[in-house]
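Reviewing the structure listed below.
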Amino acid sequence: MNSDAHLLQGVFAFEGKGLHEPFPVDAGLRYTVPGGSVARAVRFRVVNRSDDMVCVVLVCDGSPLRYFPVAAQAEVEIPPRAVEDLRGGSTLELQVAAPKERAGSLVVDLSLDVSAGLS
């Protein structure tokens with residue numbers, strides 16, 4: 001069985017729209033799992049460099065999958081088991097919900113192991 005790593009990572013600026021209004025942070029935080037494959041999270045770490053608590057939302061195929069609150073000026077390491085396996089054709093996106101008109105940045109490191117040849 002072949003396995004490849006795929007990384008969603010970087011530093012991303014944002015301006016909040018409200019804690020009840022998650023929005024895409026950056027197109028680089030979106031990944032579609034190739035058909036016939038399964039993606040599993042290996043590492044998921046988020047650093048919130050803003051002065052407000054934010055919520056990072058994992059969205060799968062347009063629907064929220066998991067919400068992860070991150071305190072102001074804090075970081076979280078999310079256990080890989082907290083993120084479901086993603087089947088081929090699924091699109092994963094990281095979004096953020098932050099207080100309205102409050103700016104900040106996130107440092108994101110989501111490492112996915114993508115295994116081919118699975119059904």
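Just so you know, these numbers come straight off a predicted model, no measurement behind them.
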Pairs touching residues 54-74 that satisfy side chain to side chain donor-acceptor pair (under 3.5 Å), sequence neighbours left out: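 Counting only pairs at least two positions apart or across chains, the side chain to side chain donor-acceptor pair (under 3.5 Å) contacts touching residues 54-74 are Arg49-Gln73, Asp51-Gln73, Arg66-Glu84.
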Which residues pass the side chain to side chain donor-acceptor pair (under 3.5 Å) test with Thr32, sequence neighbours left out?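 Thr32 satisfies side chain to side chain donor-acceptor pair (under 3.5 Å) with Thr91 only.
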Let me see the working for Arg102 and Glu15 under side chain to side chain contact (heavy atoms under 4.5 Å, CB included), right down to the final yes or no. CA-CA 5 Å; Arg102 298 293 295 213; Glu15 184 171 332; over 6 Å; no
Stepwise side chain to side chain contact (heavy atoms under 4.5 Å, CB included) test for Lys17 and Phe23: CA-CA 8 Å; Lys17 298 179 181 190; Phe23 59 93; 3.8 Å; yes
Atom pair [atom1] ([X]) and [atom2] ([Y]), whose distance is rounded to the nearest 0.5 Å:
X: Tyr31; Y: Ser90; atom1: OH; atom2: OG; answer: 11.0 Å
X: Arg45; Y: Ser111; atom1: CZ; atom2: OG; answer: 11.0 Å
X: Lys100; Y: His20; atom1: NZ; atom2: NE2; answer: 12.5 Å
X: Glu93; Y: Leu65; atom1: CD; atom2: CG; answer: 12.5 Å

Residue pairs fulfilling salt bridge (charged side-chain N to carboxylate O under 4.0 Å, His left out) with at least one residue in residues 104-113, sequence neighbours excluded: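 The answer is Arg43-Asp109.
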Are the side chains of Val57 and Leu94 in touch, meaning some heavy atoms are under 4.5 Å apart?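 Heavy-atom side-chain distance check fails, nothing below 4.5 Å.
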I'd like to check Ser37 versus Val114 (side-chain heavy atoms, cut-off strictly below 4.5 Å). Are they in contact?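 Of all side-chain heavy-atom pairs linking Val114 with Ser37, at least one is under 4.5 Å.
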side-chain contact (heavy atoms from CB on, under 4.5 Å) partner of Leu29, the single match among Val108, Leu92, Leu106, Leu110: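 The residue from Val108, Leu92, Leu106, Leu110 that satisfies side-chain contact (heavy atoms from CB on, under 4.5 Å) with Leu29 turns out to be Val108.
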For Glu75 and Val107: C-alpha separation, side-chain torsions, deciding distance, then whether side chain to side chain contact (heavy atoms under 4.5 Å, CB included) applies. CA-CA 9 Å; Glu75 65 182 84; Val107 181; over 6 Å; no
Between [X] and [Y], which heavy-atom pair has the shortest distance, and what is it?
X: Arg40; Y: Asp85; value: CG-OD1, 3.0 Å
X: Val25; Y: Ala13; value: CG1-O, 4.1 Å
X: Val33; Y: Arg87; value: CB-O, 3.6 Å
X: Val76; Y: Pro69; value: CG1-O, 4.1 Å
X: Leu8; Y: Gly28; value: CD2-O, 3.5 Å
X: Ala41; Y: Pro80; value: O-CB, 3.1 Å

Determine the interplanar angle of the Phe68 and Phe44 rings, folded into 0 to 90°, and report it as parallel if under 30°, tilted if 30 to 60°, perpendicular if over 60°.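 Ring orientation of Phe68 relative to Phe44: perpendicular.
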Could you please spell out the steps behind the side chain to side chain contact (heavy atoms under 4.5 Å, CB included) verdict for Val54 and Phe14? CA-CA 11 Å; Val54 300; Phe14 65 85; 3.8 Å; yes
Would you say the side-chain atoms of Asn48 pair up with the backbone N or O of Ala71, donor to acceptor, closer than 3.5 Å?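 Yes; judged by distance alone, with no hydrogens or angles, the pair exists.
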Treat each ILVMFWY residue as a node, draw an edge where side-chain heavy atoms are under 4.5 Å apart, and state whether Phe12 and Val70 are in one component.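 Shared cluster, yes.
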